Amino acid sequence: MQLAVTTWNINSVRLRFPIVRDLIEQERPDVLCLQETKTPDDKFPAAEFRALGYLYQAIIGNKGYNGVAILSRLPFSDAQAMPMCGKPDARHMSVTLAGEARKAAGITIHNFYVPAGGDEPDPSVNDKFAHKLAFLAEMDAWARAFQPTGQQAILVGDLNIAPYETDVWSHKQLLDVVSHTPIETQTLERLRADHGWVDAIRQLMPEPERVYTWWSYRAADWEAADKGRRLDHVWLSPSLAGALHSADIHKHARGWERPSDHAPITVRLAL
DNA sequence: ATGGTTGTCATACAA
């Protein structure tokens, strides 16, 4: 069987439900992971997703900020939201696909939304950057306990860090810009590699190809300027890396009407 | 060096 997982920072799921539906119709993912839903749970468009076949839903949101969701056509168990950094922020959700999901059964999917970190890359003067570094430290401690090497697992999300030189439009000009500073890129790379995670996008689009998943709203013409960054990621546990079939960044969705500033990504596994 | 845009909620703040 094939398992298709899509991840997308949607920047308000209520405002952008129409384009989420368009993407679902194009890609038909089995599992859709959203970040920045910006919607309290009682206002989440659950019935609308059920009508599209996503009967299994794990959602957690805050009013106006943050929020993550896992929407699935395949049944899952063990939906868990990890509280991160002792804050009420809804920045993580995980599920484990259940027995009825056949060959996908037992695969755990973790959906993270790492704090953006504010403007000043100095934790002593910028609480938001300190929060981002603390969040990464908690992710590292979690991964140490979780041990991806012994699991069938997929980690997706908006990690708000572009780790490699070719993950940004200008490595030199972004070295002191939050999302590409050495402390962030080195911490993320250690977090990935030390625990055995495989970067699915870079498996199929290796450096030095430039790969972006985010383009600022502030550019007059985002596509012409093309000042992108690869902030969104899909990581596989080693046991799933051999099943990787494709990874697509749906850049065209960045050009849709009223777009998110992030493009969605779909990874397909042949199980 | 500066400002550029968007969404939510209430006209400030986070991204």
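Everything quoted here is computed from the prediction, not taken from an experiment. Just so we're on the same page: letters track the sequence lines, and every chain starts at 1.
- Under the 3.5 Å distance criterion, the side-chain polar atoms of A:Arg254 are matched with a main-chain donor or acceptor of A:Trp215.
- Bracketed by its first and final contacts, the part of DNA chain B lying under 4.0 Å from non-hydrogen atoms of chain A reaches from B:dG4 to B:dA15 in 5' to 3' order.
- Without hydrogens or angle criteria, A:His180 side chain to A:Glu165 main chain gives no donor-acceptor distance under 3.5 Å.
- Applying the ring-ring contact (aromatic ring centres under 6.0 Å, His included) test to A:Phe76 and every residue at least two apart in sequence or in another chain returns nothing.
- Between the side chain of A:Ser239 and the main chain of A:Gln151, a donor-acceptor pair closer than 3.5 Å is present.
- Of the residues in residues 113-127 of chain A, A:Tyr113, A:Ala116 come within less than 4.0 Å of DNA chain B through at least one heavy atom, sorted by number.
- Residues of residues 160-176 of chain A that place a heavy atom closer than 4.0 Å to DNA chain B do not occur.
- Enclosure of atom CD in A:Gln147 is not indicated, since only 12 or fewer non-hydrogen atoms of other residues, nucleotides or ligands lie within 6.0 angstrom.
- Between B:dT6 and B:dT11, the distance separating the two C1' atoms is 15 Å to the nearest Å.
- B:dG3 sits 26 Å from B:dT8 when the P atoms are compared, rounded to a whole Å.
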Donor-acceptor contacts under 3.5 Å from residues 262-271 of chain A side chains, at least two apart:
unit_1, atom_1, unit_2, atom_2, d
A:His262, ND1, A:Asp232, OD1, 3.2
A:His262, ND1, A:Asp232, OD2, 2.8
A:Thr266, OG1, A:Thr6, OG1, 2.8
A:Thr266, OG1, A:His250, NE2, 2.6
A:Arg268, NH1, A:Gln2, OE1, 3.4
A:Arg268, NH2, A:Glu27, O, 3.0
A:Arg268, NH2, A:Glu27, OE1, 2.9

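- Salt bridge present: A:Arg91 and A:Asp89 bring a charged side-chain N and a carboxylate O closer than 4.0 Å.
- Each of A:Asn9 and A:Ser216 lies near DNA chain B, and the nucleotide nearest A:Ser216 is the one positioned closer to the 5' end.
- With both ends at atom C1', the span from B:dA15 to B:dG4 equals 14 Å, rounded to whole Å.
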For residues 106-115 of chain A, please give each side-chain donor-acceptor pair under 3.5 Å, one per line with the distance, not counting sequence neighbours.
unit_1, atom_1, unit_2, atom_2, d
A:Thr108, OG1, A:Thr96, OG1, 3.0
A:His110, ND1, A:His92, NE2, 2.9
A:Asn111, OD1, A:Gln35, NE2, 2.8
A:Asn111, ND2, A:Leu34, O, 3.1
A:Asn111, ND2, A:Ala69, O, 3.1
A:Tyr113, OH, A:Glu36, OE1, 3.4

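- In this structure, A:Arg91 reaches the sugar-phosphate backbone alone: every heavy-atom distance under 4.0 Å involves primed, P, OP1 or OP2 atoms, never a base.
- Nearest-nucleotide positions on DNA chain B place A:Ala219 closer to the 5' end than the other of A:Lys128 and A:Ala219.
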Q. Should A:His252 and A:Gln26 be marked as a side-chain contact (heavy atoms from CB on, under 4.5 Å) after you check the CA-CA gap, both sets of side-chain angles, and the distance that decides it?
A. CA-CA 12 Å; A:His252 66 288; A:Gln26 287 184 12; 2.9 Å; yes
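- At a cut-off of 3.5 Å, with distance as the only test, a side-chain donor of A:Arg202 or A:Thr166 sits close to an acceptor on the other residue.
- Taking the P atom of each, B:dC9 and B:dA14 are spaced 15 Å apart, rounded to whole Å.
- Defined by atom type and a distance below 3.5 Å, a donor-acceptor pair is present between the side-chain atoms of A:Asn11 and A:Lys38.
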